[in-house]
Structure formats: C-alpha cells, structure tokens
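Written out below as structure tokens is the structure these notes cover.
In this chain, residues are counted from 1 in sequence order.
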Amino acid sequence: MANKSLYSKIILVSLSHLPTGMLIIGYPVYWVELYFSKNTGGQTSLLAFLLFFWLFLGCLLGERTNILAGLKEIKGAWIKEPFSSKIFFGLGAGVTGFILLCSLYAALLPPHLIQESDVLNYHYTLPRQHLILSSFQHITWSSADLFPLPLQFALSPYWFATPLPNKFPQFIFLIGILVIVGNLLKRLGAGRFSFIALGIFAVVGSHNVGIQMGTAMLDLVICYLFLAFVDSFLKGNMLLAAIEFSFFLWSKSFVPFQMGLVTVGMFLLFIVLKRFHFNVLTDGFSQNIVPKAGWRAFLTGVAIFSVILGGPFLGKSLYYSGTPLYPFGAGLVKISGNSDAVTARQSLRKVAKAYVSYKDSYGYGRSFGDFVRHFWLIAVPDEGVNNKFDYPVGLPYLLFIGPFVYFFYRFLRQRIFPVMPVFVVVYWLLWWAGTQQTRFLYIPIILMYITVLAELKNLSFFLKGAVFLALLLNVLSVFRAHYRDFGTEPLKLLRQED
C-alpha cells in the first residue's frame, strides 16, 4: 500500500489515462522547442517521446499488480462463458485486433489521405510553421492561426519528431477511448467481461470511428478527452479531471459556448423537473450518484489550466481579430492600429462569416420532419460512402438508439434524473441546432453505448450478432481505406502539393 501511495504521488496519470500524460508532457515541451531549438526546419527533438516512454514505464511498473489481477479476472470470466460466447468474443477480438493493426500501420505514415484536409490546412501546418519561424506571432496568411490550438501544440513534439510527420499519437488516443469505455462500463455496473467486450466491439464497429482510424484527424482525440474527464471525475481525481476537461474545453472555438449551453440547459431542466418531484439523480440510468468532494478544486483547476492552455491563443485572437474565440464575434472589440491592421481585421471578419456559415452546409434542414428523419439518415450513406451529415455513424448506433430512448422514457416516468443520458439528449439537441456534422457526435453516441449496456441485464444473441456484423463491415471499410499504402515507401505517399 505504501508503494502504491508513493507511486500515486509521483505520477499523476494511470495507465488507462496515459494519453493525457502525452498532452501534459507535450504542451510545455512544444514551447521549449519553439523558443530554444533553433534552425530545426520544423522538426522536433525526441524529448517528448523519451519523457512519454519513461511515463509509460512508470505506469507499467506502478500498476503491475493491478494489471496481473485484471488479466487473472479476464481469464476467470472467459472460463465461465459458454462455448458459443467464447466463439463470439474470440472472433470479435480477432477482428478488432486486425482493425487496430491496420490503424497502427496507417498511423506510422505521414498524413496524405483526402479526409485529412484539415490537417494540411492547420492542425499540422500551423504548429510546424511556428516552429520554423521560432515565433508565436500570428501567421497572417492563415485565419485558422487564430483558433485555439493547445491540443495541436501539445501533440506537435510527437508528430514532428520523425523525418516525416506521423500520426502515432492519434492511435494512442484511440486505444485510450477503448480503455476508458471499459472503465466507465465497470464503474456504472456493467463490469462483466461480456458487457465490457461488447462495448469495445460497438465502438470499434462504428463506421464513424473507423473512418478516422489511422488518420491524423483530432475528433477522436477530443472525444477521448471528454470521456477521460468523466472517468477521472467519477473516480474523484479532480486534478486530472480538470486537466482533461481544460484540454477538451479549448480544443475548438465553439466548445466553450457548447459546454456553457449544455450546463445551463441541464441545470434549468433539473430545476423545472424538481418541481415535479424529480429528486433522484443517477450517473447513468439507475446508478445512484455518489456525492463528489472536490468540486471547488475541479473548478479552480479548470480556471488555472484554462489560463495556461487557452490564454495565449485567446489573447492572440483578441488582438488580431477583436474576439477571443475567432471566428465568433470577430471585430466585437475595437482595437486601434494602422491602415494595414484595419484592412487585415476587415478581411478576418469576412472569413469569419464564411466559417460560421459552414454550419448550414450539412444535413437536410431544421424542420420537425428533418429532425425525425435524421435519426435514421445519419446512420446510412446516401452519396457513395458518405452522407449529407459528413459520414454515416454506422450500425451500432442503430442498435442502441432504441433501447436508449426506451430507458430514458422509463426513468423519466419514475421521476429519476439520469445525468449522463440527459447530457446526451441536451448535447444532441444543441448539435442539431448547430453544425449537424456527425464527427461531433462521437461523445453522445459512445455515452449512449455505455449507459445502455450498464442497464441491460443480459446480452441477446441478436445484439451480439449484429455488433459482430458491424465489426465485419468496419474491417472492410478500414482495410479498403489503407490497403493501398501497405508496403509503400512513406515519402512516395505524399503528393506534390503536400
């Protein structure tokens, strides 16, 4: 016990939250690389990777007893499963492993895929340009340089440590999502081996997850941060929860508005429902909330880390565009300057209007009929492999949306306020009013899987078979997306314009 206490004091993160450690290391290392490593051509040293490796070893050694106990528990659960379930879980694990191997191989290659356009526009390009210039000053040819970029800065020391940029950190965060899903299922009551395995299969079998596996996109990284925050918060690790939520909060310009509206919406809904005797709060559907100490510590931590993570970017955006959260409210604050600065701000305001208008480029509309239809339409393709909502979310979502609605209705009738499910509903409604891009539905859909599985008593043959079918469909999708790159020299994958 003494060793465990010493370990917990020395190392903030656990093995299951190792991706968070990657960010904790990477963010300060980037600033060191920016100002103290000269003439590198945008390439970083191996410092962040070496520190992360030592963190990994520390977690591995510190938790070796828990790891061995967990493996023993899995073995015991496996022995108790009937033969048919062993076949299902064995095949499911094999397909999942193959998907992850394909993703790992793709993650070691440089960004070059068509769906990685945002990466080439700003995720990778802007942090590297700052490294080349050894300056944090605004890059005037890119309005995206005024977005909050702490996540990109924190990952850059890993991306650019290799001769060609890699996508390896994104793979680590993908694994992190699967581990956190297992943690949350265990915490919410579905701790049985079969339920955890099915939850992981459902995530890996989701088409919207598969389409970003092995890519340099950051939507899964952002999803991990929120799920990890929930896990840390439920465990009572408020410092880690504050770090994870702060990275999530400043991952995109709209997230502070989104989280503010979700919080206000949930609070007002609770106040209204409390008048109708909704006095029981649960984490999931039927898991009673254990009061968490440390709310003040969490909020204080978020405030402090927001200054550290978001502060530099908010200040730069305010100075150059007249708003701390570009593109929202561009020109709101009038800042004096010469004629060139005034012209630049006018140009930024025009571009900001175009950014904000993008939200109307997805979906079929916002009528009541469109709202009802979208629950089906987001799951299926209608233009090749994509749809009007960006890309389909896939079969597992269709399997879980029905039980989720049923449980939600049932518990509201029992005058129970289920916090996570209510969050899913409020988040979804705000998504519908906003961008309608399915890439922003990772969080509510995965929480839907978790809360439904935590409520189920048994896993039906139909559910297991359908999830396995989803895995088979997704393995074809992932393999088709990357097989042409197998065995190809990384440099030859790059186009001339890259």
Side-chain angles (χ1 to χ4, degrees), residues 22-51 110-111 117-166 169 216 218 221 246-247 250-253 305-328 330-331 333 335-352 355 497-498:
M22 180 173 269
L23 298 177
I24 294 172
I25 292 169
Y27 188 71
V29 167
Y30 180 86
W31 292 101
V32 172
E33 299 272 3
L34 181 66
Y35 287 112
F36 298 101
S37 297
K38 305 296 183 181
N39 302 318
T40 61
Q43 188 168 347
T44 58
S45 68
L46 292 172
L47 177 61
F49 262 123
L50 290 174
L51 292 174
S117 58
D118 283 350
V119 171
L120 300 176
N121 285 337
Y122 74 96
H123 288 319
Y124 277 49
T125 301
L126 294 177
R128 189 158 199 171
Q129 284 295 309
H130 284 294
L131 288 171
I132 292 170
L133 297 171
S134 296
S135 170
F136 183 61
Q137 187 174 350
H138 175 44
I139 297 172
T140 55
W141 50 260
S142 175
S143 58
D145 190 47
L146 299 178
F147 294 163
L149 302 174
L151 203 51
Q152 289 84 344
F153 275 34
L155 293 173
S156 290
Y158 308 98
W159 289 338
F160 305 135
T162 48
L164 291 175
N166 67 81
L218 297 183
V221 176
S246 298
F247 268 111
W250 303 111
S251 59
K252 289 187 177 292
S253 299
F305 292 122
S306 291
V307 172
I308 296 170
L309 299 176
F313 305 95
L314 303 187
K316 182 165 72 171
S317 176
L318 180 63
Y319 180 80
Y320 286 100
S321 69
T323 175
L325 288 170
Y326 187 81
F328 303 104
V333 178
I335 299 175
S336 60
N338 58 33
S339 57
D340 290 339
V342 172
T343 302
R345 290 190 188 106
Q346 289 174 346
S347 176
L348 285 171
R349 284 198 294 271
K350 290 180 181 178
V351 176
Y355 279 131
E497 55 266 35
D498 295 336

query: Which of parallel (below 30°), tilted (30 to 60°) and perpendicular (above 60°) describes F160 and Y124?
result: perpendicular
Heavy atoms of P312 and V307 approach each other most closely as CD-O, 3.7 Å
In short, T44 meets P157 closest at the heavy-atom pair OG1-O, 3.0 Å
Rounded to the nearest 0.5 Å, the OH atom of Y27 sits from the OG atom of S156 at a distance of 11.5 Å
CD1 of I139 to CG of L146, rounded to nearest 0.5 Å, is 10.0 Å
Check your understanding: Stepwise, does the side-chain contact (heavy atoms from CB on, under 4.5 Å) test hold for F49 with Y158?
Key -> CA-CA 6 Å; F49 262 123; Y158 308 98; 3.9 Å; yes
Self-check item: Y355 side chain to S253 side chain, donor-acceptor N/O pair below 3.5 angstrom
Solution: no
- Query: So, do F305 and W250 have ring centers that fall under 6.0 Å from each other?
  - Reply: no
T125 meets the side-chain hydrogen bond (donor to acceptor under 3.5 Å, both in side chains) criterion, sequence neighbours left out, with none
Output for pair (Y320 OH, S143 OG), nearest 0.5 Å, gives 14.5 Å
pair P327-F147: side-chain heavy atoms closer than 4.5 Å: yes
For A144 and L149 the tightest heavy-atom approach is O-CD1, 4.3 Å
Check: Where do F153 and L23 land on the side-chain contact (heavy atoms from CB on, under 4.5 Å) test, with the steps shown first?
Finding: CA-CA 9 Å; F153 275 34; L23 298 177; over 6 Å; no
Residues P324 and L314: closest non-hydrogen pair is O-CD2, 3.1 Å
(Q) Counting C-beta onward and ignoring hydrogens, is there a side-chain heavy-atom pair between L131 and Y30 closer than 4.5 Å? (A) yes
Here the gap from F247 atom CZ to L151 atom CG, rounded to the nearest 0.5 Å, amounts to 7.0 Å
So P111 and H123, do their side chains get closer than 4.5 Å, heavy atoms only? no
(message) Quick one, S45 with E33, criterion side-chain contact (heavy atoms from CB on, under 4.5 Å). Give me CA distance, side-chain angles, the key distance, then yes/no.
(response) CA-CA 8 Å; S45 68; E33 299 272 3; 2.5 Å; yes
Stepwise, does the side-chain contact (heavy atoms from CB on, under 4.5 Å) test hold for L218 with Q152? CA-CA 9 Å; L218 297 183; Q152 289 84 344; 3.7 Å; yes
Shortest non-hydrogen pair, A161 vs Q43, comes out as O-NE2, 3.5 Å
What one should report as the nearest heavy-atom pair of L126 and N121 is CG-O, 4.4 Å
Inset, instruction - May I ask you to check whether H138 and D145 show a side-chain donor-acceptor distance below 3.5 Å? - result: yes
